[in-house]
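Have a look at the structure that comes next, please.
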Protein chains: 2
Amino acid sequence: MKEGPDIARIASLVGDPARANMLTALMDGGALTASELALEAGVSLPTASSHLAKLMDGRLLTVASQGRHRYYALAGTEVAAMIEAISGVAAHSGPQRARPGPRDKSMREARVCYDHLAGDHAVAMFDRFVAEEIIVQNDDTVRLGPAGAGFFAARGIDTSGLGAARRPMCRACLDWSVRRAHLAGSLGTAILDKIIAEKWARRPAGSRVVEFTPPGKRAFEKAFLA
Amino acid sequence: MKEGPDIARIASLVGDPARANMLTALMDGGALTASELALEAGVSLPTASSHLAKLMDGRLLTVASQGRHRYYALAGTEVAAMIEAISGVAAHSGPQRARPGPRDKSMREARVCYDHLAGDHAVAMFDRFVAEEIIVQNDDTVRLGPAGAGFFAARGIDTSGLGAARRPMCRACLDWSVRRAHLAGSLGTAILDKIIAEKWARRPAGSRVVEFTPPGKRAFEKAFLA
DNA sequence: TCCATGGTTCGATGGTAATCGAAGCGTTCT
DNA sequence: AGAACGCTTCGATTACCATCGAACCATGGA
């Protein structure tokens, strides 16, 4: 009987379908208004408001008031990591949806995991980084390896400033589609930023999918997977 | 809007306090029987059985039948990682769990933690054992110290046979009321057995509370806390 | 000042699920 | 064989909470 933190309270917050939908809708790291979230969750506005209040009370969300709009967002990477972890378990437990729809296919390939890239490409990239000792993995903590700083500098990503913030530069994040790790942390964010900045891929609004253009995909593979 | 794995289903499984307690009790990677888990969760056996069926249905647990016992364990590291992630958020979400109810007072003082004593008295006893080198603590593993065998022999507890079983003799168990360790394992069981056998205290049915009689309390303190 | 719009609060309702006692199986021990 | 034990199933009860309509508050614009 070792009652640590109140895990049931947090889990039950995620356990309601409406709230779960809201949280997954925010997994792209963006911020949405209350009415958008109501639509996303498929409930009326009062109901959504009640749910949002509960999520705020549990400190899973932050809110920013802008004029008469209130923008809700995930409270931080910890919350996002929790959602991913739950998704991972759910993916292997749920009523295995017989036919992975076309939407799921692009999600498997490449999607946004709060603030970094996830999916097949991200996993492949992670594996290559480990193989080349660009990063070094110990259990679930990850550090920059001997070949790391030079590798990223050659691709226009400066790693010297990334470790400074309180946020860890590297973190392993478990994928729910594949059962393997990909790169999170501020370095993962920097890579995603570069992909978007170079216009290798674009992000359709209201979705976590990351759509690579054909030349963009080749450029990405050449830069990070070659 | 309904895309990705059914995260709400899994989260709601963890969202029930009884089930959450069961899962955290299994977080050490061990396996427990249904009745042990019922005690751990603080619910009756039928209720526990129902919860276990649900957890099995969600593939969060595995079961191994051995004779008339059924040993339940976490389904894998993914599930454990999920619990960890939720715990992280819950801990970060703030320690507003200040709920010192009137009924909880006796629970804080002395209660049964599955098969051993927990609460203030148990923590005090543990501290004294460590100070006198009756037991030696390394992180969360605990062994009998140099003064141990003699100490317990003088109080009618034979420690020679306790280590033999597959079950560890000493184990540190973290207390939720105080945030400190107390003694679990077969030695902890033996001490609780002695308290009951000597009629120093009695256990009201259907509760984890351990009620010391005034003379019993003095005797206990003289024997183990003096 | 008066509407229109985005959000929250209130009150009543309904459905869902947690809970336990009692009874039913299956296994082990004597 | 019979008793004891571990566990599950069944049925009825109860408590909680998600839900929505309507009223209410706040902000922005005319």
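The figures that follow rest on heavy atoms only: side chains count, while hydrogens, waters and symmetry mates do not. Order of the sequence lines sets the chain letters (A, B, ...), proteins ahead of strands, with each chain counted from 1.
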Any residue meeting side-chain contact (heavy atoms from CB on, under 4.5 Å) with A:Leu192, in chain and number order, not counting sequence neighbours | A:Val112, A:Leu117, A:Ile196
With B:Arg155 via salt bridge (Lys or Arg N to Asp or Glu O under 4.0 Å) - residues at least two apart |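 Result, salt bridge (Lys or Arg N to Asp or Glu O under 4.0 Å) vs B:Arg155: none returned.
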For B:Arg218, all residues meeting side-chain contact (heavy atoms from CB on, under 4.5 Å), sequence neighbours excluded = B:Pro214, B:Pro215
Measure from the ring center of B:Phe129 to the ring center of B:Phe152 and say whether it is less than 6.0 Å.
-> yes
Sub-3.5 Å pairs of nitrogen or oxygen atoms, protein against nucleotides 15-19 of chain C:
unit_1	atom_1	unit_2	atom_2	d
C:dA18	OP1	B:Arg19	NH1	3.4
C:dA18	OP1	B:Arg19	NH2	2.9
C:dA18	OP2	B:Lys54	NZ	2.8
C:dT19	OP2	B:His51	NE2	2.4

Would you grab the first and last nucleotide of DNA chain D (5' to 3') that comes under 4.0 Å of any non-hydrogen atom in chain A?
->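 The contact span of chain A on DNA chain D goes from D:dA18 to D:dG28.
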For B:Lys199, all residues meeting side-chain contact (heavy atoms from CB on, under 4.5 Å), sequence neighbours excluded =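 If we apply the side-chain contact (heavy atoms from CB on, under 4.5 Å) test to B:Lys199, skipping adjacent residues, there are no hits.
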Hey, are B:Arg9 and B:Asp57 close enough for a salt bridge, meaning a charged N less than 4.0 Å from a carboxylate O?
-> yes
What is the distance from NE2 of B:His69 to P of C:dT28, rounded to the nearest Å?
->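 One finds 9 Å between P of C:dT28 and NE2 of B:His69, rounded.
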Check every strand shown and say whether B:Ser49 touches a base, only sugar-phosphate, or nothing at a heavy-atom separation below 4.0 Å.
-> base
Sequence-distant partners of A:His121, side chain to side chain donor-acceptor pair (under 3.5 Å), two or more places apart | none
Measure the angle between the two terminal helix axes of the helix from C:dT1-D:dA30 to C:dT30-D:dA1, five base pairs each, and quote it to 10°.
->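 Answer for the end axes of this duplex: 20°.
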Please identify each residue that fulfils salt bridge (Lys or Arg N to Asp or Glu O under 4.0 Å) with A:Asp193, with sequence neighbours left out.
-> none
Residues forming a salt bridge (Lys or Arg N to Asp or Glu O under 4.0 Å) with B:Glu198, sequence neighbours excluded = B:Lys194
Phosphate OP1/OP2 of C:dG6 contacted by A:Thr33 side-chain N/O (<4.0 Å) |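 Indeed not, no polar side-chain atom of A:Thr33 lies that close.
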C:dT8 OP1/OP2 closer than 4.0 Å to side-chain N/O of A:Tyr72 =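 For C:dT8, OP1/OP2 do have a side-chain N/O of A:Tyr72 under 4.0 Å.
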Side chain to side chain donor-acceptor pair (under 3.5 Å) partners of A:Ser35, counting only residues at least two apart |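 A:Ser35 satisfies side chain to side chain donor-acceptor pair (under 3.5 Å) with no residue once adjacent residues are dropped.
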Rounding to a whole Å, what distance do you find between A:Leu52:CG and C:dT8:P?
-> 7 Å
Contacts of A:Glu211 meeting salt bridge (Lys or Arg N to Asp or Glu O under 4.0 Å) (sequence neighbours excluded), chain-then-number -> A:Arg202
Rounded distance (Å) that lies between atom C1' of C:dA23 and atom CG of B:Leu45 =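 For the pair B:Leu45 CG and C:dA23 C1', the rounded distance is 14 Å.
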